[in-house]
Amino acid sequence: MSDKPSNFLATIIEEDLASGKHDQIVTRFPPEPNGYLHIGHAKSICVNFGLAQQFGGECNLRFDDTNPEKEEQEYIDSIKADINWLGFHWKGREKYTSDYFDQLYDWAVHLINNGDAYVCHLNADEAREYRGTLTEPGKNSPYRDRSVEENLDLFTRMKNGEFAEGECVLRAKIDMASPNMNLRDPIIYRIRKKEHHQTGDKWCIYPSYDFAHGQSDALEGITHSICTLEFEDHRPLYDWFIDKLPVPAKPRQYEFARLNVNYTVTSKRKLKRLVDEGIVDGWDDPRMPTISGMRRRGITPRALRNFADMVGTSRAGGVVDLGMLEFAIREDLNENAPRAMAVLDPLKVVFTNLPDDHREVFTAPGHPNRDDLGERELPFTKEIYIDRSDFNEDNTLSRKKFKRLVLGEWVRLRNAYIIHADEVIKDDNGEIVEIRAKVIEGTVGADAPEGVRPRGVIHWVSASEGLPAEVRLYDRLFNHETPDRGGDDFLRHINPESLKVLTGCIVEPSLADAAPESSFQFEREGYFVVDRHETKAGQLVLNKTIGLKEVWARKV
RNA sequence: UGGGCCGUCGCCAAGUGGUAAGGCAACGGGUUUUGAUCCCGUCAUUCGCAGGUUCGAAUCCUGCCGGCCCAGCCA
């Protein structure tokens, strides 16, 4: 991944730069501020900002705010935060399509003056009838041949609020028989008597996406306007406006296939249902594919960027395996997350050959192969906790299948002694409550002596010095590859085990001052992140980002 | 059944007339005080199918087949 990915967009840009068509490229990321950004947007951000970065250009952030009915300041704020968190920055203040409403209005007038646009009084239902269908051409609107003067007057009155919403629209005069529906006299301006988050009550008419987008690109000097495949049919319209108007530049639109990931939904409507129906905790629930959710989950910006590179950019629609994202996450966290030990389901072990006040401190590396991550201290005491699943009474278990502690046998405590399990204490229900064991002297940092055969290595934490923690185990939200498939049925594919909250966990004392959002690898368990919102003094809350790879689990 | 686009290993993806990169997954083996990491190796005579052009095609042509998008006063 050190090499920049080669894809058709990079190729086009290289050619444009080489031919002198452009000295510098400018791209843009144009979200509509009507929701939270998700993994698909993350990909688009990486494509647009990434290409600019790769070729020494710029990428603007432009809020495509042409529909005041759906947009809110809250979304603008979250979108900016998400992009910055991903590691991308734009030059100067963010842009808004609404910055260009005056110019756009003038250009609409320009079209009217040239006979290329007209005010149409067909209502929505009539307009639909006149539009025709995919296989039948449409019919010209009866208002199509109004004079320039009349159109100018009508459009002015639209702007002045003299018409009700839906009463009329401004349309481009193109071709009602075009096989491309987008060219059947598309709407340029519609009436929306709504307060706009940026322009207040200045306007009661708003430009359509099609009319605003290309012209905004031209105004910003965007050289490569990159969007997803569903806008491909809009390109002829994009070009039509650019051709008809005295714009300062001629940007070009290119499309790539949007990102699809299995076991995931990204439709805004579906994500909203998950939130509204309380299936998840909010837009930033660690199970959500939103950028804020993934952030809270402990997925890093670097993992997301590498994932985008790994997946590539093409025009072929497909579904990427979630496993690829998981790989990118593990790859980054394995490299960068400090190691620690945490016992999620504690089982007490008491060493009978140690005095009650026994205490010694071992040191362990912060990371097995990164000295720069320092060392940590591990207090070792007479009583420790190990994970309940790391012990078994059954000594007939094969050494290959169970490389942990078995009654009457040995196991190595990570970074500490080899121990021997002598006895099991059970409560009235027959449940194991404690293990009596002995440490084998002289085995710290040394090989097992003759005759001592530890089955494997397990993690542990001092009972008296470990820190209490709440650990939230997250798993895939859906248990179906394509939960989207059956339309609204997607909620039937919710994985009932996507969240398990563990409250009695014990983590090693070195985590006492762990900062919110810092990631750790709990050895033999997986990667965990300190929750950025709910960790309070004395009560750590950790979110499981993802488990370690477990090849053995599949084979056994 | 109108128009646009897409089809290269289970998944993603390079390749643009000169004889199939890479990544994920999978499968062997080695190292290992994390059943992790790391390392080494295996994994498309074939590019949706069928014809054609060419000394030579995944790349050009023709015809099929399959998938996606478009009939918001959404973006």
Side-chain angles (χ1 to χ4, degrees), chain A residues 1 3 5-8 11 30-32 34 64 66-67 69-70 120 122-124 127-128 131-138 165-171 178-184 186-192 206 208-210 212-213 227-236 255 257 259 262 268 309-328 330-331 334-335 339 341 364 367-369 400-404 412-416 418 443-448 454 456-459 521-526 547-556:
Chain A
M1 249 136 295
D3 293 332
S6 165
N7 62 56
F8 74 102
T11 303
E32 181 186 15
N34 71 342
D64 215 342
T66 56
N67 187 352
E69 260 170 1
K70 303 184 169 183
C120 179
L122 248 26
N123 66 36
R128 190 178 314 118
R131 191 158 38 231
T133 68
L134 294 178
T135 52
E136 303 158 29
E165 277 189 25
E167 196 175 342
C168 56
V169 296
L170 182 69
R171 295 223 257 169
S178 172
N180 182 342
M181 300 294 286
N182 297 119
L183 264 22
R184 318 244 265 224
I187 287 171
I188 296 178
Y189 266 93
R190 71 295 208 201
I191 298 167
R192 283 285 173 278
Y206 292 92
S208 63
Y209 162 84
D210 284 308
H213 206 91
C227 60
T228 43
L229 247 26
E230 65 267 29
F231 290 100
E232 197 161 12
D233 289 343
H234 294 243
R235 187 166 11 115
E255 312 85 18
L259 173 68
N262 59 16
K268 219 163 263 176
D309 283 351
M310 204 184 326
V311 163
T313 305
S314 78
R315 289 175 60 86
V319 182
V320 172
D321 196 303
L322 220 212
M324 248 196 251
L325 205 216
E326 297 179 337
F327 172 85
R330 291 195 182 100
E331 183 185 46
N334 172 57
E335 177 72 22
R339 309 289 124 122
M341 293 195 283
H367 187 107
N369 35 41
K400 192 154 174 63
K401 279 190 176 175
F402 195 73
K403 305 169 79 163
R404 312 177 185 192
R412 164 131 247 154
L413 292 182
R414 177 77 163 150
N415 299 118
I418 289 173
T443 55
V444 177
D447 289 339
V457 181
I458 64 172
H459 56 278
Q521 183 203 90
F522 289 159
E523 291 187 299
R524 303 209 315 130
E525 289 288 357
L548 257 25
K549 202 171 147 192
E550 289 185 302
V551 281
W552 60 279
R554 286 195 297 268
K555 292 178 183 174
V556 179

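First the proteins, then the strands, lettered A, B, ... as listed; each starts at 1. Since this is a predicted model, take the numbers as computed values, not measurements.
- As the counterpart of B:U16, no nucleotide is assigned, since no Watson-Crick or G-U wobble pattern has both distances under 3.5 Å.
- The side chain of A:P368 approaches B:U34 more closely than any other nucleotide in the set B:U34, B:C70, B:G35.
- Every residue two or more places apart in sequence or in another chain that forms a salt bridge (Lys or Arg N to Asp or Glu O under 4.0 Å) with A:R404 is listed here: A:D390.
- Nucleic acid contact class of A:R339 (heavy atoms, under 4.0 Å, all strands): base.
- Among the protein residues, A:T133 comes within range of the nucleic acid bases, having at least one heavy atom under 4.0 Å from a base atom.
- The side chain of A:R192 places an N or O atom within less than 4.0 Å of a non-bridging phosphate oxygen (OP1 or OP2) of B:C74.
- Side chain of A:M181, nearest nucleotide from B:A14, B:U37, B:C70: B:C70.
- B:C64 and B:U19: their P atoms are spaced 33 Å apart (whole Å).
- Base pairing analysis places B:A26 opposite B:U42; the two distances defining the Watson-Crick or G-U wobble pair are each below 3.5 Å.
- Residue contacts for A:G166: at a heavy-atom cut-off of 4.0 Å it reaches a base atom on one of the strands shown.
- Under the side-chain hydrogen bond (donor to acceptor under 3.5 Å, both in side chains) criterion, A:S314 pairs with no residue at all, not counting sequence neighbours.
- Comparing B:C68 with B:C11, their P atoms sit 16 Å apart, to the nearest whole Å.
- Between B:A36 and A:R330, no contact under 4.0 Å exists linking OP1 or OP2 to a side-chain N or O.
- Counting any heavy atom pair closer than 4.0 Å across all strands shown, A:F522 reaches no nucleic acid atom.
- Using a 4.0 Å heavy-atom cutoff across all strands shown, A:N180 reaches no nucleic acid atom at all.
- Applying the Watson-Crick and G-U wobble criteria (two distances, each under 3.5 Å), B:A50 pairs with B:U62.
- Scanning atom types as modelled, no donor and acceptor separated by under 3.5 angstrom connect the side chain of A:E335 and the base of B:U37.
- Taking the side chain of A:P179 as heavy atoms from C-beta on, and the options B:G2, B:A75, B:A26, the nearest nucleotide is B:G2.
- When the nucleotides B:A75, B:U37, B:C74 are ranked by their closest atom to the side chain of A:D64, B:A75 comes out on top.
- Backbone-only engagement by A:V311 is indicated by non-hydrogen atom pairs under 4.0 Å involving sugar-phosphate atoms exclusively.
- Within the nucleic acid shown, A:R131 comes within 4.0 Å of sugar-phosphate atoms alone, with no base atom in reach, counting heavy atoms only.
- By the side-chain contact (heavy atoms from CB on, under 4.5 Å) test, A:M324 pairs with A:F307, A:M310, A:V311, A:V320, sequence neighbours left out.
- Put simply, CG on A:L548 is 11 Å from P on B:C38, counting in whole angstrom units.
- Between A:V169 and A:R171, the shortest heavy-atom distance links the atoms CG2-CG, 3.7 Å.
- Residue A:N67 is in sugar-phosphate contact alone, with no base atom involved, counting any heavy-atom pair closer than 4.0 Å across all strands shown.
- B:U16 and B:G22 have their P atoms separated by 16 Å, with the value rounded to a whole Å.
- Of the candidates B:C70, B:A36, B:C11, the closest approach to any side-chain atom of A:M324 belongs to B:C11.
- Nucleic acid contact class of A:L122 (heavy atoms, under 4.0 Å, all strands): base.
- Rounded to a whole angstrom, the distance from the C1' atom of B:C43 to that of B:A20 is 14 Å.
- The side chain of A:S6 places an N or O atom within less than 4.0 Å of a non-bridging phosphate oxygen (OP1 or OP2) of B:G15.
- With B:C74, B:C69, B:G15 as the candidates, the nucleotide lying closest to the side chain of A:T11 is B:G15.
- Each of B:U37, B:G23, B:A75 was ranked by its minimum atom distance to the side chain of A:K549; first place goes to B:U37.
- Taking 4.0 angstrom as the limit, A:T135 places none of its side-chain polar atoms (N or O) nearer than this to OP1 or OP2 of B:A71.
- Taking atom P on both nucleotides, B:C60 is separated from B:A14 by 16 Å, rounded to a whole Å.
- Applying the salt bridge (Lys or Arg N to Asp or Glu O under 4.0 Å) test to A:E523 and every residue at least two apart in sequence or in another chain returns A:R376, A:R414.
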Please enumerate all protein N or O atoms sitting under 3.5 Å from an N or O of nucleotides 6-9 of chain B, with distances to 0.1 Å.
none

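- Using a 4.0 Å heavy-atom criterion, one finds that A:N182 contacts no nucleic acid atom at all.
- If you check every strand for non-hydrogen atoms under 4.0 Å, A:H234 touches a base.
- Counting atom types as modelled, A:R404 pairs a side-chain N or O with a base atom of B:G35 as donor and acceptor under 3.5 Å.
- For the pair A:W552 and B:G35, the ring geometry qualifies as stacking, because the centroid separation is below 5.5 Å while the planes lie within an angle under 30°.
- Residue contacts for A:E69: at a heavy-atom cut-off of 4.0 Å it reaches no nucleic acid atom on any strand shown.
- The side-chain hydrogen bond (donor to acceptor under 3.5 Å, both in side chains) search around A:N369 returns A:H367, not counting sequence neighbours.
- The partner of B:G2, taking Watson-Crick or G-U wobble pairs whose two distances both stay under 3.5 Å, is B:C70.
- Contact annotation: A:R190 does not reach the phosphate of B:G72 (side-chain N/O to OP1 or OP2, under 4.0 Å).
- Nucleotides B:U45 and B:U8 are separated by 15 Å at their P atoms, to the nearest Å.
- Heavy atoms of A:G526 sit nowhere under 4.0 angstrom from any nucleic acid atom.
- Taking atom C1' on both B:G3 and B:A71, the two are 12 Å apart, rounded to the nearest angstrom.
- Each of A:S208 and A:R235 has a nearest nucleotide on RNA chain B; the 5'-most of these lies closest to A:R235.
- In this structure, B:G72 is classed as syn because its glycosidic torsion stays within 90° of zero.
- Residue contacts shown for A:T313 are limited to sugar-phosphate atoms, with no base heavy atom under 4.0 Å away.
- Comparing the C1' positions of B:C55 and B:C38 gives an interatomic distance of 48 Å, to the nearest angstrom.
- Minimum atom distance to the side chain of A:F327 is reached by B:C24, of the listed B:G15, B:C24, B:G35.
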